[in-house]
Amino acid sequence: MSLLDTLPVSLLRRLDPETAHETAIHALALGLTPFAPHDVPQLATRALGLRFPNPIGLAAGFDKDARAIRPLARLGFGFVEAGTVTPRPQQGNPRPRLFRLTEDRAIINRMGFNGCGIDRFCRRLARLHRPRPNGGPHGVGPTPIGANLGINKTGADPLRDYPELVARVSPYVDYITINLSSPNTPGLRDLQSAAFLAAMLDAVAARNPHRPPLLIKLAPDLSPDTLGSVIEAAIAHKADGLILGNTSISRPAGLQDPLRSESGGLSGRPLRPLAIDMLRRAADLAQGRLTLVACGGIETGRDILDRLLTGADLVQVYSAFIFEGPALLPRLKRELLDAMREQGFETVEDARTAGKRA
């Protein structure tokens with residue numbers, strides 16, 4: 001019996017959202033968490049030169065300060081992405097800054113990259129580090145871990161900061177994500193241009209001739225023209241993949257919760273149509289030249305299979321985990337296996353292959 005079992009999600013929901021989140025992270029960091037059984041072989045997949053025990057990852061934003069990577073992996077995620085981390089510690093935006101839209105099964109946040117900064121973040125990653133049998137770094141056994149990198153609100157120099165952040169985390173993680181798409185850091189989304197991406201990736205390469213696979217996290221609000229030029233720049237300048245996508249500044253019609261007008265980035269169920277459309281466009285444009293990680297409105301095993309068949313290699317969840325807690329993962333895996341059987345796919349690899357051919 002774990003603390004997360006004895007503190008059910010229904011109880012955490014009675015707390016202020018940020019207090020509830022901190023309580024959950026504290027429980028995880030103490031190791032008072034359930035252990036998931038080993039995944040069945042049918043769920044395993046390979047991407048970015050890595051093996052994933054299942055395709056379901058935890059998106060950045062949950063464990064901003066790398067405090068609970070190992071316990072999160074033990075819950076049964078196929079990969080865990082910590083961050084977003086910035087060069088220097090910062091407080092983020094004033095509270096309240098995190099809102100549950102319970103009626104819409106959605107979340108709005110305007111956190112503003114609050115976090116401990118890269119020094120403490122890397123010290124925590126270093127404690128997880130141990131050599132893999134093939135000589136590469138790893139922190140939590142068979143579960144790949146990633147670091148999501150951002151810039152400070154003030155004093156930022158992106159062409160200096162991103163290459164240095166990549167250098168700092170590279171010894172400790174299996175992949176790296178460059179966050180260009182949070183709506184809560186002024187000017188950050190302006191960096192989602194082909195010209196900046198080319199310059200940034202070149203600067204990263206110059207500073208880091210050897211690095212883990214590198215992903216770019218984009219906003220679902222990008223125009224089709226911008227998405228196309230960004231994808232070509234990512235390919236030309238040696239990015240390895242994209243995360244599609246971040247939270248949205250849009251407010252889809254039909255939101256019911258009284259908190260729907262709060263400013264910040266929207267995630268969860270209402271983001272699903274926008275996220276699927278972006279994935280479809282990106283898959284058509286990339287034509288298999290980039291690894292694609294789908295994120296946004298994923299709540300069921302059927303959702304996961306749909307993303308794989310639309311061209312995704314992996315998926316990430318965030319809001320559904322907030323609403324359901326650790327019980328989400330076994331349910332998603334059962335539903336994914338059922339959906340695969342219904343459509344005649346024996347393995348996740350089979351579904352991915354079908355998605356690439358579509």
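Since the model is a prediction, treat every value here as computed from it, not as a measurement.
Nearest approach of Leu290 to Ala234, heavy atoms of both residues: CD1-CB, 4.3 Å. Arg211 and Ser170 get closest at one heavy-atom pair: CB-OG, 4.0 Å. Of all the heavy atoms in Leu266 and Leu101, the pair that sits closest is CD1-CD2, 4.4 Å. Nearest heavy atoms, Thr102 versus Phe323: CA-CE2, 4.2 Å. Between Pro183 and Thr247, the shortest heavy-atom distance links the atoms CD-OG1, 3.4 Å. Summarising the geometry of Cys116 relative to Pro89, their closest heavy-atom pair is O-CG, 3.2 Å, with the distance given to 0.1 Å.
Linking ILVMFWY side-chain heavy atoms closer than 4.5 Å, directly or via other members, places Ile176 and Phe196 in a single hydrophobic cluster. The hydrophobic cluster containing Leu271 does not contain Met278, counting ILVMFWY residues as joined when their side-chain heavy atoms lie under 4.5 angstrom apart, directly or transitively. Hydrophobic clustering, with ILVMFWY side chains joined whenever heavy atoms are under 4.5 angstrom apart, groups Leu188 together with Val204. At a threshold of 4.5 Å between side-chain heavy atoms, the hydrophobic network of Ile, Leu, Val, Met, Phe, Trp and Tyr places Val315 and Val40 in one connected group. Cluster annotation: Ile249 and Leu218 are assigned to distinct hydrophobic clusters (Ile/Leu/Val/Met/Phe/Trp/Tyr, side-chain heavy-atom contacts under 4.5 Å, transitive).
In Gln91, the CD atom is not crowded: 12 or fewer heavy atoms of neighbouring residues, nucleotides or ligands sit closer than 6.0 Å. The number of heavy-atom neighbours closer than 6.0 Å to CZ of Arg67, taken from other residues, nucleotides and ligands shown, is above 12. Around the CD atom of Glu346, the shell of radius 6.0 Å holds no more than 12 heavy atoms that belong to other residues, nucleotides or ligands.
Atoms CD1 and CZ, from Ile276 and Arg281 in turn, are 12.5 Å apart once rounded to the nearest 0.5 Å. Rounding to the nearest 0.5 Å places CD1 of Ile69 at 5.5 Å from CG of Leu128. Within the model, atoms CZ of Arg280 and CG of Asp306 stand 9.5 Å from one another, a figure rounded to the nearest 0.5 Å. One finds the CG atom of Leu305 at 7.5 Å from the CE atom of Met340 (value rounded to the nearest 0.5 Å). The distance from atom OH of Tyr318 to atom CD1 of Ile298, rounded to the nearest 0.5 Å, is 15.0 Å. The CZ atom of Arg307 sits 12.5 Å away from the CG atom of Leu292 when rounded to the nearest 0.5 Å.
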- [ ] Determine, step by step, whether Thr353 and Asp350 satisfy the side-chain hydrogen bond (donor to acceptor under 3.5 Å, both in side chains) criterion, reporting the C-alpha distance in whole Å, the side-chain angles of both residues, the deciding distance to 0.1 Å, and the verdict.
- [x] CA-CA 5 Å; Thr353 300; Asp350 293 339; 5.6 Å; no

TODO: For the pair Leu191 and Met200, evaluate side chain to side chain contact (heavy atoms under 4.5 Å, CB included) and give the outcome as yes or no after the intermediate values.
DONE: CA-CA 10 Å; Leu191 304 182; Met200 187 269 292; over 6 Å; no

- [ ] Apply side chain to side chain contact (heavy atoms under 4.5 Å, CB included) to Leu201 and Ile216, showing your working.
- [x] CA-CA 10 Å; Leu201 288 171; Ile216 308 298; 4.2 Å; yes

- [ ] Before giving the answer on side chain to side chain contact (heavy atoms under 4.5 Å, CB included), spell out for Phe62 and Leu72 the whole-Å C-alpha distance, their side-chain angles and the decisive distance to 0.1 Å.
- [x] CA-CA 10 Å; Phe62 187 86; Leu72 285 165; 3.9 Å; yes

TODO: List the steps and the verdict of side chain to side chain contact (heavy atoms under 4.5 Å, CB included) for Ile118 and Val169.
DONE: CA-CA 8 Å; Ile118 192 64; Val169 300; 3.7 Å; yes

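Within the 4.5 Å cutoff, the side chain of Leu259 has no heavy atoms near those of the Ile108 side chain. For the pair Leu336 and Pro55, the minimum side-chain heavy-atom distance is below 4.5 Å. Side chains of Val293 and Thr177 form no contact here, defined as non-hydrogen atoms less than 4.5 Å apart. Residues Arg207 and Val166 have side chains not in contact (no heavy-atom distance under 4.5 Å, counting atoms from C-beta outward). Within the 4.5 Å cutoff, the side chain of Pro252 has no heavy atoms near those of the Leu274 side chain. Using a 4.5 Å heavy-atom threshold, the side chains of Arg331 and Thr300 count as touching. Residues Val85 and Arg120 fail the side-chain proximity criterion, which asks for heavy atoms closer than 4.5 Å. When side chains are defined from C-beta on, Gln287 does not count as touching Ile235, because their heavy atoms never get closer than 4.5 Å.
For Phe77, the ring pair (Phe, Tyr, Trp, His ring centres under 6.0 Å) test picks out Phe321, with sequence neighbours left out.
Ring-plane geometry between Phe79 and Phe52 is classed as perpendicular, the angle between the planes exceeding 60 degrees on a 0 to 90 degree scale with a lower cut at 30.
Between Asp313 and Arg352 there is a salt bridge, since at least one side-chain N of the basic residue sits less than 4.0 Å from a carboxylate O of the acidic one. Ion pairing between a basic and an acidic side chain is recognised when a charged N comes within 4.0 Å of a carboxylate O; Asp338 and Arg341 show such pairing. Using a 4.0 Å cut-off between a side-chain N of Lys or Arg and a carboxylate O of Asp or Glu, Asp39 and Lys333 qualify as a salt bridge. Look at Asp257 and Arg100 and you find no salt bridge, because none of the NZ, NE, NH1 or NH2 atoms lies under 4.0 Å from a carboxylate O. For Glu335 and Arg302, the salt-bridge test fails: no basic side-chain N is under 4.0 Å from an acidic carboxylate O. Salt-bridge annotation for Glu299 and Arg272: absent, with no side-chain N of the basic residue lying under 4.0 Å from a carboxylate O of the acidic one. Note on Arg251 versus Glu262: no salt bridge recorded, every NZ/NE/NH1/NH2 to OD/OE distance being 4.0 Å or above.
Put simply, the side chain of Arg260 gets close to the backbone of Gln256: a donor and an acceptor are under 3.5 Å apart. In this structure, the side chain of Lys217 does not engage the main chain of Gly245 through any donor-acceptor pair within 3.5 Å. At distances below 3.5 Å, not a single donor-acceptor pair connects side-chain atoms of Asn179 with backbone N or O atoms of Gly150. Judged by distance alone, the side chain of Arg97 and the main-chain N or O of Asn93 form a donor-acceptor pair under 3.5 Å. In this structure, Glu81 contributes its side chain and Gly57 its backbone to no donor-acceptor pair below 3.5 Å. The backbone N or O of Thr86 lies less than 3.5 Å from no partner atom in the side chain of Asn152, so there is not a single donor-acceptor pair. In this structure, Asp240 contributes its side chain and Leu214 its backbone to a donor-acceptor pair below 3.5 Å. Distance alone, capped at 3.5 Å, is enough to place a donor-acceptor pair between the Arg124 side chain and the Asp65 backbone. Side-chain atoms of Arg189 never come within 3.5 Å of backbone atoms of Thr185 as a donor-acceptor pair (strictly under, hydrogens ignored). A donor-acceptor pair under 3.5 Å is formed between the side chain of Asn208 and the backbone N or O of Ala167.
For the 3.5 Å distance criterion, the side chains of Asp221 and Ser248 qualify, holding a donor opposite an acceptor.
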